[in-house]
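Side chains are part of it too, since the values below use all heavy atoms of this structure and drop only hydrogens, waters and symmetry mates. If you read the sequence from its start, that first residue is 1, and numbering goes on from there.
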Amino acid sequence: MRVPLSWLREYVDLPATETGRDVQATLVSAGLEVERVEQLGADLKGPLVVGQVLTIEELEGFKKPIRFCTVDVGQANGTGEPQEIVCGARNFSVGDKVVVVLPGAVLPGNFAIAARKTYGRTSHGMICSGDELGMGDDGSGGIIVLPPEYEAGTDAIELLELVDEVLDIAVTPDRGYCLSLRGIARETAIAYGLPLRDPALLDVPAPNAFGHPVKISEPLGCDRFTARTVTGLDPEARSPIWLRRRLQKAGMRSISLAVDITNYVMLELGQPLHAYDRSRIQGAIGVRRAEQGEKLTTLDGTKRTLDAEDLVITDDRGPIGLAGVMGGAHTEIDDTEGTTTEVVIEAAHFDPISVARTARRHKLASEASKRFERGVDPLAASAAAQRTVDLLVLLAGGSADAGVTEVITPSAPHTITIPANHPDRVAGVEYGRETVVRRLQEVGCDVYGQDELLVTVPSWRPDLTDPNDLAEEVIRLEGYENLPSTLPKPPAGRGLTERQRLHRRVGRALAGAGYVEAPNYPFVGEHVFDQFGLAADDPKRRVVKLVNPLSEEEPALRTTLLPGLLGALRRNDGRGSHDLALFETGLVFHPRAEQRIAVRLPVDRRPTDEEIASLTAALPEQPRHAAVVLAGAREQAGWWGKGRPADWADAIEAARTLAREAGTELLVRAGQYGPWHPGRCAELAVVLDGEEKVIGYAGELHPGVLKTLGLPARTSAMELNLDALEQASAGVVKGPRISTFPVATQDVALVVDKTVPHADVEAALREGAGELLESIRLFDVYESEQLGAGKKSLAYALRFRAADRTLTVEEASAARDAAVALAAERTGAALRS
């Protein structure tokens, strides 16, 4: 909404020293979004005057038509002699009044005017177009031709209102009343504490039976319709300069006098209006729903096929307009032929939802629909019709018909009950009852009561529907900037859940291990499961599909984190980052065996536990997973030595890192699944409720998968169920105990069959060593012919320590021997000689 400051001052007596910037700051403080203040004519300098064309000489011999004119500018040039001006425009004649800029003036754009020789003559000034004066293109494409009543030499800067400030306000959908000068003036008056001259306070005649007949067949779509008639209009009357300039400043184009007046009143009062040529209306004006397939040619010349939900204006022939959106071409006022002498003014109130749907259905946004769909004051219709009639009588020489038609569907005003201290509790500031009542009355509410206020909402504020809306009005008018900055106080005893704590610990641990978090969208296409080589009956192929996916290529919710992570790795590798270690923790989604329809939860109360449980049961299962992907170098080469590429062991170590954070013992053994290399895949399991449960896999990805997905060679990955890892934990993770006694180290090398997993040997050693064992580490794997065919040597470093004493050599050796004995019993291990 563009608001000229000069127009705004007609309704509010702003201090003369207040600039547009000052008003902008005040309105922003009151809650309006004033995006900018446009300075019109800021760099304009006179003399700029009205001139009368005395003679026109056509100059020959040039590539384009050139005219040498003499123009009477009165005493503006200091001599009273005619001004000689060269001009190329051709839309004016001898005797016309035009706008002349004289030497010494400066036009917008810092364009200085001086006498200069051109086309063989000397031009002492310039005859101006609207575009040259910063008025914009008025559609004529030529020189401004003024009405004949203005005297030569009159100051054109004041006449054309070229110097002004325009506030450009972004009106939010809930503040439809601000799409009018009346609404902006009310906000300005409240903000400055000044009285408002309400332009809607007019003397309106009572309705009678002599007006143009109106029949409302759809009272829910149109609850108020006012019709007024003006006769005896001068078809040659044109919009005066002040009217055209105000429309221009407000961003609208001048069309014809009758249309300009309806647009002007709409901008002034916020009530859209429509003017019909009375001679083109047959019978009564009606309002009804359209019949499916009906045709209507709108004012933009487009023939439209109507929908059964469209609200239309009709006469005896059929539709003559889309209600609240745009009129029809058959009843428009014909300005080209100048034959319209009688008009019928329509000022109605239409259902906002109906207008909005019609405008979107036909892709036909208009100034009227923009206001109706945001809410128009229904009580302003009769005043807007009267204002339009008054202007037509004043400017077009018409006569107001005595008939006044007003069809109204009775409705009660909206009332809200609100505790007097409700705004105080919402804002955390003690305003007091007196301030609350005063602010609500300023916005137009009627307020009754003491501790409990009964508030009647004004007709122009349909956005005020509940106590919080009223509280917002009090708070914004008292100033958002006056609200104290206070931190919320959480209730005692509430903090992060164990699941949330584990999630954070896992993120910190992986980041500390050199991984970079790479969150991804939770959407996948089902083709990715084929690329991963998953079996046809694999549970991960059962997906939850979205009804309205963001992309048709990814219509399902993910059942694994790897597609997104591998996609991020591929993109980064393709852009030159080849040494990558990425991780993500997030939800995956599995459909439930029994599909249920989610219940609609109430909004007027807290849902019950049963309702929440029913809603939860209708949602898919959403366990939290953690995953990592690695490619390139894991350790960089440098002066310190050679680097090391990332491999399957790093992926397994990432899983062990997560298990340590959860305080869970992770079982790692050879496995085979989906996208992983069959010989370099580890199966990850935990003991849950006394049974082993597989929770994920880690290792190097299959070469075929790498080729299909375009990934670097030897890419490794790990994914596990983080929730299952938490369930298998022993509870709160305990910090390590620091002993003051020295450690005793014993190394053992065991020869076992190649088929024996290291994890089995380590488990036996750990159990056999007993409580004195502090840690065990595999530091060497050795194979040779000396060991025998099918044999390997595993070397372990065992650290023993007691909490209460220094261990003797005999105690450490006994614990080592017990560990070796149990390993020999379970795995067939033998000490390497």
(request) Indicate yes or no: at least one non-hydrogen side-chain atom of Ile285 is less than 4.5 angstrom from one of Thr314. (result) no

(request) Would you check if the side chain of Ser366 reaches a backbone N or O of Val325 as a donor-acceptor pair within less than 3.5 Å? (result) yes

(message) Does any part of the side chain of Lys64, heavy atoms only, come nearer than 4.5 Å to the side chain of Ile66, both counted from C-beta?
(response) yes

(message) Quick check for you: to the nearest 0.5 Å, what is the distance between Lys249 atom NZ and Leu167 atom CG?
(response) 12.0 Å

(request) Under the side chain to side chain contact (heavy atoms under 4.5 Å, CB included) rule, what do Glu33 and Val28 come out as? Steps first, then yes or no, please. (result) CA-CA 6 Å; Glu33 296 182 22; Val28 167; over 6 Å; no

(message) Walk me through whether Met135 and Gln248 qualify under side chain to side chain contact (heavy atoms under 4.5 Å, CB included).
(response) CA-CA 7 Å; Met135 298 169 59; Gln248 284 178 339; 3.6 Å; yes

(message) Salt bridge check, Glu38 against Arg2: does any charged N sit closer than 4.0 Å to a carboxylate O?
(response) yes

(message) Using a 3.5 Å distance criterion without hydrogens, assess whether the side chain of Arg244 forms a donor-acceptor pair with backbone atoms of Ser239.
(response) yes

(request) Give a yes or no answer on whether the side chain of Gln24 reaches the backbone of Val34 with a donor-acceptor pair at less than 3.5 Å. (result) yes

(request) Say whether Asp174 and Thr172, considering side chains only, have a donor N or O and an acceptor N or O under 3.5 Å apart. (result) yes

(message) Under 4.0 Å between a side-chain nitrogen and a carboxylate oxygen: does that hold for Glu406 and Arg228?
(response) no

(message) Quick one: does any side-chain atom of Gln83 pair with a main-chain N or O of His124 as donor and acceptor, under 3.5 Å?
(response) yes

(request) Ignoring hydrogens and angles, tell me if any N or O in the side chain of His212 forms a donor-acceptor pair with the backbone of Gly283 under 3.5 Å. (result) yes

(message) Could you check whether any side-chain N or O of His274 sits under 3.5 Å from a backbone N or O of Ile345, counting only pairs where one atom can act as donor and the other as acceptor?
(response) no

(message) Whether the Tyr276 and Glu342 side chains hold a donor-acceptor pair (N or O, under 3.5 Å, no angle test) is what I'd like checked.
(response) no

(request) Hey, could you give me the OG1/CG distance between Thr358 and Asp307, rounded to the nearest 0.5 Å? (result) 8.0 Å

(request) Report yes if some heavy atom in the side chain of Leu364 is under 4.5 Å from a heavy atom in the side chain of Arg304; otherwise report no. (result) yes

(message) With no hydrogens and no angle check, just 3.5 Å: does a side-chain donor-acceptor pair link Asn77 and Glu81?
(response) no

(request) Please examine the side chains of Arg67 and Glu57, heavy atoms only from C-beta on, and report whether any two atoms are closer than 4.5 Å. (result) no

(request) Would you tell me whether Thr229 and Asp401 have side-chain atoms, one donor and one acceptor, within less than 3.5 Å of each other? (result) no

(request) For Glu158, look at atom CD and say whether over 12 heavy atoms of other residues, nucleotides or ligands are found less than 6.0 Å away. (result) no

(request) Measure from the side-chain N and O atoms of Ser129 to the backbone N and O of Ile143, and report whether any donor-acceptor pair falls under 3.5 Å. (result) no

(request) Would you list the pairs meeting ring pair (Phe, Tyr, Trp, His ring centres under 6.0 Å) in which at least one residue belongs to residues 355-392, sequence neighbours left out? (result) Phe350-Phe372

(request) Mark yes or no for whether Thr188, through its side chain, and Ile184, through its backbone, hold a donor-acceptor pair below 3.5 Å. (result) yes

(request) Compare every heavy atom of Arg253 with every heavy atom of Asp260, then report the nearest pair and how far apart it is. (result) OD1-O, 4.1 Å

(message) Side chains of Cys69 and Thr55, heavy atoms from C-beta outward: is any pair under 4.5 Å?
(response) no

(request) Can you see which heavy atom on Val393 is nearest to which on Ala400, and at what distance? (result) CG2-N, 3.9 Å

(message) Could you walk me through whether Asp377 and Ser459 satisfy the side chain to side chain donor-acceptor pair (under 3.5 Å) test, starting with their C-alpha distance in whole Å, then the side-chain angles of each, then the deciding distance to 0.1 Å, before giving a yes or no?
(response) CA-CA 5 Å; Asp377 182 5; Ser459 57; 2.5 Å; yes

(message) According to ring pair (Phe, Tyr, Trp, His ring centres under 6.0 Å), who are the partners of Tyr264, at least two apart in sequence or on a separate chain?
(response) Trp7, Trp242

(request) Please report the closest heavy-atom contact between Ala275 and Ile333, naming both atoms and the distance. (result) CB-CD1, 3.6 Å

Would you list the atom pairs, donor with acceptor, under 3.5 Å between side chains in residues 94-114 and any protein atom, with sequence neighbours excluded?
residue: Asp96; atom: OD2; partner: Ser93; partner atom: N; Å: 2.7
residue: Lys97; atom: NZ; partner: Pro148; partner atom: O; Å: 3.0
residue: Lys97; atom: NZ; partner: Tyr150; partner atom: O; Å: 2.5

(message) Does anything in residues 190-201 form a side-chain hydrogen bond (donor to acceptor under 3.5 Å, both in side chains)? List the pairs, not counting sequence neighbours.
(response) Asp13-Arg197, Glu18-Tyr192, Thr26-Tyr192, Arg182-Asp198

(message) Would you say Thr340 and Asp277 are linked by a side-chain donor-acceptor pair, where the criterion is simply a distance under 3.5 Å?
(response) yes

(request) Spell out, as yes or no, whether a donor-acceptor pair under 3.5 Å connects the side chain of Thr262 to the backbone of Val259. (result) yes

(message) Keeping Asp234 on the side-chain end and Gly397 on the backbone end, is there a donor-acceptor pair under 3.5 Å?
(response) no

(message) Using every non-hydrogen atom in the two residues, find where Arg374 and Pro462 come nearest and quote the distance to one decimal.
(response) O-CG, 4.4 Å

(request) Report yes if the side chains of Ile216 and Phe225 come closer than 4.5 Å at any heavy-atom pair, otherwise no. (result) yes

(request) Could you list the residues that satisfy side-chain hydrogen bond (donor to acceptor under 3.5 Å, both in side chains) with Gln39, not counting sequence neighbours? (result) Glu165

(request) Would you kindly say whether Tyr177 and Arg175 are connected by a side-chain donor-acceptor distance under 3.5 Å? (result) yes

(request) Indicate whether any N or O donor in one side chain lies under 3.5 Å from an N or O acceptor in the other, for Thr226 and Ser382. (result) no

(message) Under a 4.0 Å threshold between the charged nitrogen and the carboxylate oxygen, would Glu161 count as salt-bridged to Arg245?
(response) no

(request) Grab the two heavy atoms, one from Cys128 and one from Leu48, that are nearest each other, plus how far apart they are. (result) SG-CD1, 4.2 Å

(message) For Ile157 and Val163: C-alpha separation, side-chain torsions, deciding distance, then whether side chain to side chain contact (heavy atoms under 4.5 Å, CB included) applies.
(response) CA-CA 7 Å; Ile157 295 178; Val163 179; 3.8 Å; yes

(message) On a heavy-atom basis, which atom in Leu8 and which in Ala185 lie closest, and how many Å separate them?
(response) CD1-CA, 3.6 Å

(request) Any chance you could lay out the salt bridge (Lys or Arg N to Asp or Glu O under 4.0 Å) test for Asp310 and Arg361, step after step, and finish with the verdict? (result) CA-CA 9 Å; Asp310 290 336; Arg361 188 180 298 116; 2.3 Å; yes

(message) Run Arg121 and Glu84 through salt bridge (Lys or Arg N to Asp or Glu O under 4.0 Å) and show every step you take.
(response) CA-CA 9 Å; Arg121 303 294 177 94; Glu84 297 180 339; over 6 Å; no

(request) Would you sort out whether Lys295 and Thr305 count as a side chain to side chain contact (heavy atoms under 4.5 Å, CB included), showing the intermediate values? (result) CA-CA 5 Å; Lys295 306 292 184 181; Thr305 301; 2.7 Å; yes

(message) According to ring pair (Phe, Tyr, Trp, His ring centres under 6.0 Å), does anything in residues 59-95 pair up with another residue at least two apart or in another chain? List the pairs.
(response) Phe62-Tyr119

(request) Check whether any side-chain heavy atom of Val312 lies under 4.5 Å from a side-chain heavy atom of Leu306, and answer yes or no. (result) yes

(message) Would you say Ser6 and Asp164 are linked by a side-chain donor-acceptor pair, where the criterion is simply a distance under 3.5 Å?
(response) yes

(message) Could you check whether atom CG of Asp203 has more than 12 heavy atoms from other residues, nucleotides or ligands sitting under 6.0 Å from it?
(response) no

(request) Return yes when atom CZ of Arg357 has more than 12 non-hydrogen atoms of other residues, nucleotides or ligands closer than 6.0 Å, and no otherwise. (result) no

(request) Taking the side chain as every heavy atom from C-beta outward, state whether Gln271 and Arg371 have any pair of such atoms under 4.5 Å apart. (result) no

